[in-house]
Enquirer: 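Attaching a single structure in structure tokens format; questions to follow.
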Amino acid sequence: MKPVTQINFFSIKPGKIDEFIEAERSYAASTNLPPGLIGSRMYRSLDGKSVVRVSQYESIEAHKEFHQDETLRQHIDKLSPLLESSSPALYEEVYKAGDFN
């Protein structure tokens with residue numbers, strides 16, 4: 001199976017970006033890496049208005065399984081008041097250039 005990448009753009013409510021990032025860090029630190037999740041990175045915009053999370057899964061099935069986890073659902077509910085919007089989408093790699101892991 002081919003890995004699948006989820007890219008999620010989060011538009012954060014004014015003044016809430018640090019709280020959002022801390023909630024994400026805390027969740028990541030308190031949770032074991034679930035089966036099927038290869039890894040995840042988060043990027044903060046320089047203007048402090050948005051965040052992008054890039055997560056890679058072993059397969060679409062692994063992604064679906066992870067997103068049915070009750071602990072994750074509770075975490076998402078906790079983040080909701082900090083967000084203007086969220087735009088998740090799944091991608092497959094088309095090509096790679098340079099030393100980017």
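For this chain, numbers begin at 1 and follow the sequence in order.
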Enquirer: I'd like to know if Leu37 and Leu90 are part of one continuous hydrophobic network [Ile/Leu/Val/Met/Phe/Trp/Tyr, side-chain heavy atoms within less than 4.5 Å].
Expert: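 In one cluster with Leu90: Leu37, yes.
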Enquirer: Tell me, do Thr5 and Gln56 make a side-chain contact under 4.5 Å, heavy atoms counted?
Expert: yes
Enquirer: Rounded to the nearest 0.5 Å, how far apart are OG of Ser11 and CG of Leu82?
Expert: 12.0 Å
Enquirer: Check this for me: Lys78, atom NZ, are more than 12 non-hydrogen atoms of other residues, nucleotides or ligands nearer than 6.0 Å?
Expert: no
Enquirer: Residues two or more places apart in sequence or in another chain: which of them pass side-chain contact (heavy atoms from CB on, under 4.5 Å) with Ser26?
Expert: Glu22
Enquirer: Any salt bridge (Lys or Arg N to Asp or Glu O under 4.0 Å) pairs touching residues 55-69, not counting sequence neighbours?
Expert: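 Of all non-adjacent pairs touching residues 55-69, none passes salt bridge (Lys or Arg N to Asp or Glu O under 4.0 Å).
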Enquirer: May I ask you to test the Met42-Phe20 pair for a side-chain heavy-atom distance under 4.5 Å?
Expert: yes
Enquirer: Please, which pairs that meet ring pair (Phe, Tyr, Trp, His ring centres under 6.0 Å) have at least one residue in residues 37-56, sequence neighbours excluded?
Expert: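 Those involving residues 37-56 do not exist here.
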Enquirer: Are Phe9 and Ile7 connected into the same hydrophobic cluster when the rule is that any two of I, L, V, M, F, W, Y join if their side-chain heavy atoms are below 4.5 Å apart?
Expert: yes
Enquirer: Quick check: is Ile21 connected to Leu72 through a chain of hydrophobic side chains (ILVMFWY, heavy atoms under 4.5 Å apart)?
Expert: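 No; tracing contacts between hydrophobic side chains, which count when under 4.5 Å, never links both residues.
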Enquirer: Can you name the salt bridge (Lys or Arg N to Asp or Glu O under 4.0 Å) partners of Glu92, sequence neighbours left out?
Expert: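 Result, salt bridge (Lys or Arg N to Asp or Glu O under 4.0 Å) vs Glu92: Lys2.
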Enquirer: Going by an N to O cut-off under 4.0 Å, is there a salt bridge joining Asp18 and Arg25?
Expert: no
Enquirer: Can you check side-chain contact (heavy atoms from CB on, under 4.5 Å) on Gln6 and Phe66, steps first, answer last?
Expert: CA-CA 12 Å; Gln6 181 183 40; Phe66 176 62; over 6 Å; no
Enquirer: Can you see which heavy atom on Asn8 is nearest to which on Ser86, and at what distance?
Expert: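 It is OD1-OG, 2.9 Å.
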Enquirer: Quick one: does Lys16's side chain have a donor or acceptor within less than 3.5 Å of a partner on Leu83's backbone?
Expert: no
Enquirer: Not counting sequence neighbours, list each pair that qualifies as a ring pair (Phe, Tyr, Trp, His ring centres under 6.0 Å) and has a residue in residues 70-98.
Expert: Tyr27-His75
Enquirer: Do other residues, nucleotides or ligands put more than 12 heavy atoms under 6.0 Å from Ile60 CD1?
Expert: no
Enquirer: Please tabulate, for side-chain N and O atoms in residues 45-54, each donor-acceptor pair with protein atoms closer than 3.5 Å (sequence neighbours left out).
Expert:
from: Ser45; atom 1: OG; to: Asp47; atom 2: OD1; distance (Å): 2.6
from: Ser45; atom 1: OG; to: Gly48; atom 2: N; distance (Å): 3.3
from: Ser45; atom 1: OG; to: Lys49; atom 2: N; distance (Å): 3.2
from: Ser45; atom 1: OG; to: Ser50; atom 2: N; distance (Å): 3.1
from: Ser45; atom 1: OG; to: Ser50; atom 2: O; distance (Å): 3.2
from: Ser45; atom 1: OG; to: Ser50; atom 2: OG; distance (Å): 3.3
from: Asp47; atom 1: OD1; to: Lys49; atom 2: N; distance (Å): 3.0
from: Arg53; atom 1: NH1; to: Glu24; atom 2: OE1; distance (Å): 2.3

